[in-house]
Amino acid sequence: KLEEIPVPHGTTPKEFVDKLTEAKEKYLSQPARPYALFPSGKQGNCNSLTGSCLRYGGSDYSPGELRAPGWNQEVLDNE
């Protein structure tokens with residue numbers, strides 16, 4: 001089942017997309033992380049990247065950890 005991610009309150013669709021693009025660029029500019037199905041530490045997976053980018057964009061969406069292992073594992077380095 002596909003789910004629609006709502007644009008965060010107080011943000012225009014363009015601002016949200018711009019923040020997601022910024023998050024992608026931030027991720028691509030940092031060292032690679034080891035992949036893990038159930039990540040911890042400096043590991044990550046596709047769910048980790050998706051969740052991190054959405055949070056960076058201001059979204060509070062969450063599919064739940066049981067549906068997306070690694071969702072809450074942050075993979076964007078703090079500056």
Side-chain angles (χ1 to χ4, degrees):
K1 174 185 171 224
L2 294 178
E3 295 184 42
E4 184 175 321
I5 306 296
V7 173
H9 181 72
T11 304
T12 67
K14 182 182 180 332
E15 289 170 332
F16 187 44
V17 169
D18 288 348
K19 286 298 279 184
L20 295 177
T21 301
E22 187 179 315
K24 176 199 71 156
E25 294 302 325
K26 182 176 175 139
Y27 179 77
L28 292 174
S29 71
Q30 64 190 33
R33 293 179 178 259
Y35 175 86
L37 182 59
F38 298 99
S40 63
K42 289 287 189 177
Q43 300 171 329
N45 64 24
C46 57
N47 296 327
S48 306
L49 178 57
T50 302
S52 293
C53 287
L54 287 173
R55 286 188 294 277
Y56 187 87
S59 176
D60 61 359
Y61 172 82
S62 177
E65 195 64 26
L66 293 177
R67 291 184 45 210
W71 181 268
N72 293 318
Q73 180 70 22
E74 192 61 53
V75 296
L76 295 175
D77 290 337
N78 294 325
E79 296 178 4

- prompt: How many angstroms lie between CD in E3 and CZ in R67, if you round to the nearest 0.5 Å?
  reply: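 Reported value, rounded in 0.5 Å steps: 4.5 Å.
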
Nearest-0.5 Å distance, NE2 of residue H9 to OG of residue S59: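 If we round to the nearest 0.5 Å, H9:NE2 and S59:OG are 14.0 Å apart.
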
Does the [X] side chain pair with the main chain of [Y], one donor and one acceptor, at a distance under 3.5 Å?
X   : Y   : answer
S52 : L49 : no
Q30 : D77 : yes
N45 : P69 : yes
E25 : E22 : no

- request: Could you tell me which residues satisfy side-chain hydrogen bond (donor to acceptor under 3.5 Å, both in side chains) with N47, sequence neighbours excluded, listed by chain and number?
  value: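 In terms of side-chain hydrogen bond (donor to acceptor under 3.5 Å, both in side chains), with neighbours along the sequence ignored, N47 is linked to no residue.
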
Could you pull out the closest heavy-atom pair between [X] and [Y], with the gap in Å?
X   : Y   : value
A36 : P39 : O-CD, 3.4 Å
V75 : S48 : CG1-CB, 3.6 Å
F16 : P6  : CE2-O, 4.2 Å
A23 : Y56 : CB-CD2, 3.5 Å

- request: Identify, with sequence neighbours excluded, every residue that meets ring pair (Phe, Tyr, Trp, His ring centres under 6.0 Å) alongside Y61.
  value: W71

- prompt: Would you say L28 and K24 make side-chain contact, with heavy atoms under 4.5 Å?
  reply: yes

query: Is the closest side-chain heavy-atom distance between R55 and N72 below 4.5 Å?
result: yes

- prompt: Step by step, would you call T12 with V7 a side chain to side chain contact (heavy atoms under 4.5 Å, CB included)?
  reply: CA-CA 7 Å; T12 67; V7 173; over 6 Å; no

- prompt: Does one hydrophobic cluster hold both I5 and L20, with members joined at side-chain heavy-atom distances below 4.5 Å?
  reply: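 Cluster IDs for I5 and L20 match.
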
